[in-house]
Amino acid sequence: QVQLVESGGGLVQAGGSLRLSCAASGGTFSSLTMGWFRQSPGKEREFVVGISWSGSRTLYQDSVKGRFTISRDNAKNTLNLQMNSLKPEDTADYYCAARTGLPVKRLSEEYDYWGQGTQVTVSS
């Protein structure tokens with residue numbers, strides 16, 4: 001059973017930056033495809049970005065391309081999300097997710113494990 005714990009959320013002004021982290025335990029992190037999702041009040045959970053087990057392949061939602069960067073450290077069992085040029089519309093709870101399948105997927109149903117989420121609030 002894989003456990004995922006997010007950290008790094010908070011309140012930031014528009015144009016600012018935050019770095020989210022996700023610590024994984026209980027499984028073989030280096031074999032997992034990882035992703036970040038977000039959900040704001042009244043909206044469905046949406047895919048933000050995903051990364052393959054090796055880190056060689058990434059897939060970004062169009063609205064965050066050029067602003068967000070996903071990375072992973074398999075030696076430290078850690079997934080990161082660097083978020084720059086933040087906008088008020090980025091405000092949401094951000095979730096780390098893992099799937100045992102190989103390709104990066106956009107659908108939340110494709111992911112097997114989830115963290116509890118960390119809140120990101122971007123003020124205008």
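FYI, side chains are in, hydrogens and waters are out, and symmetry mates aren't considered; it's all heavy atoms of this structure.
- Separation of atoms CG (Leu4) and CD (Gln116) is listed at 9.5 Å; rounding is to 0.5 Å.
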- Task: Decide yes or no on side-chain contact (heavy atoms from CB on, under 4.5 Å) for Thr91 and Leu86, but give the supporting numbers first.
- Result: CA-CA 9 Å; Thr91 295; Leu86 282 160; over 6 Å; no
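- To the nearest 0.5 Å, the span separating CZ on Phe68 from OG on Ser17 amounts to 9.5 Å.
- With no hydrogens or angles considered, no side-chain donor-acceptor pair links Asp73 and Thr78 at under 3.5 Å.
- Residues Met34 and Phe47 do not share a hydrophobic cluster, clusters being chains of Ile/Leu/Val/Met/Phe/Trp/Tyr side chains in contact below 4.5 Å.
- Using a 4.0 Å cut-off between charged side-chain N and carboxylate O, Arg45 and Asp93 make no salt bridge.
- Nearest heavy-atom pair across Ser85 and Arg67 is O-NH1, 3.0 Å.
- In this structure, a donor-acceptor pair under 3.5 Å is absent between the side chains of Arg99 and Tyr111.
- Hydrophobic clustering places Val120 together with Val49 (ILVMFWY residues linked when any side-chain heavy atoms are closer than 4.5 Å, directly or through intermediates).
- Using a distance-only test at 3.5 Å, with no hydrogens or angles considered, no donor-acceptor pair links the side chain of Ser30 to the main chain of Asn74.
- For Ser56 and Ser54, the side-chain atoms include at least one donor-acceptor pair closer than 3.5 Å.
- Glu6 contributes atom CD, which lies 5.5 Å from atom SG of Cys96 (distance to the nearest 0.5 angstrom).
- At a threshold of 4.5 Å between side-chain heavy atoms, the hydrophobic network of Ile, Leu, Val, Met, Phe, Trp and Tyr places Leu81 and Val64 in one connected group.
- Here the shortest heavy-atom pairing between Ser124 and Ala14 reads CA-CB, 4.3 Å.
- Using a 3.5 Å distance cut-off with no hydrogens or angles, the side chains of Gln82 and Asn80 do not pair a donor with an acceptor.
- Taking a 6.0 Å sphere around CD of Glu46, one finds it holds more than 12 heavy atoms contributed by other residues, nucleotides or ligands.
- Under a cutoff of 6.0 Å and an axis angle of 45°, Arg72 and Phe29 form a cation-pi pair.
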- Task: Determine, step by step, whether Trp36 and Leu20 satisfy the side-chain contact (heavy atoms from CB on, under 4.5 Å) criterion, reporting the C-alpha distance in whole Å, the side-chain angles of both residues, the deciding distance to 0.1 Å, and the verdict.
- Result: CA-CA 10 Å; Trp36 287 98; Leu20 305 184; 3.8 Å; yes
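- Here the OG1-CZ distance, from Thr118 to Arg38, works out to 14.0 Å after rounding to the nearest 0.5 Å.
- Leu32 and Trp114 sit in two unconnected hydrophobic clusters of ILVMFWY residues. Membership requires side-chain heavy atoms under 4.5 Å apart, directly or through other members.
- The local environment of CZ in Arg57 is sparse, with at most 12 non-hydrogen atoms from other residues, nucleotides or ligands closer than 6.0 Å.
- Taking the charged nitrogens against the carboxylate oxygens, Asp62 and Lys65 do have a contact shorter than 4.0 Å, which makes a salt bridge.
- Taking the six-membered ring for Trp and the full ring otherwise, the centers of Tyr95 and Phe37 sit at least 6.0 Å from each other.
- A donor-acceptor pair under 3.5 Å is absent between the side-chain atoms of Tyr94 and the main chain of Ser7, judged by distance alone.
- Atom-to-atom distance recorded for Gln3:CD and Tyr113:OH is 9.0 Å, nearest 0.5 angstrom.
- The side-chain contact (heavy atoms from CB on, under 4.5 Å) test with Thr121 is passed by exactly one of Val12, Leu18, Asp90, Leu11: Leu11.
- Atoms CH2 and CD1, from Trp53 and Ile51 in turn, are 11.5 Å apart once rounded to the nearest 0.5 Å.
- In this structure a side-chain-to-backbone donor-acceptor pair under 3.5 Å is missing from Thr58 to Gly50.
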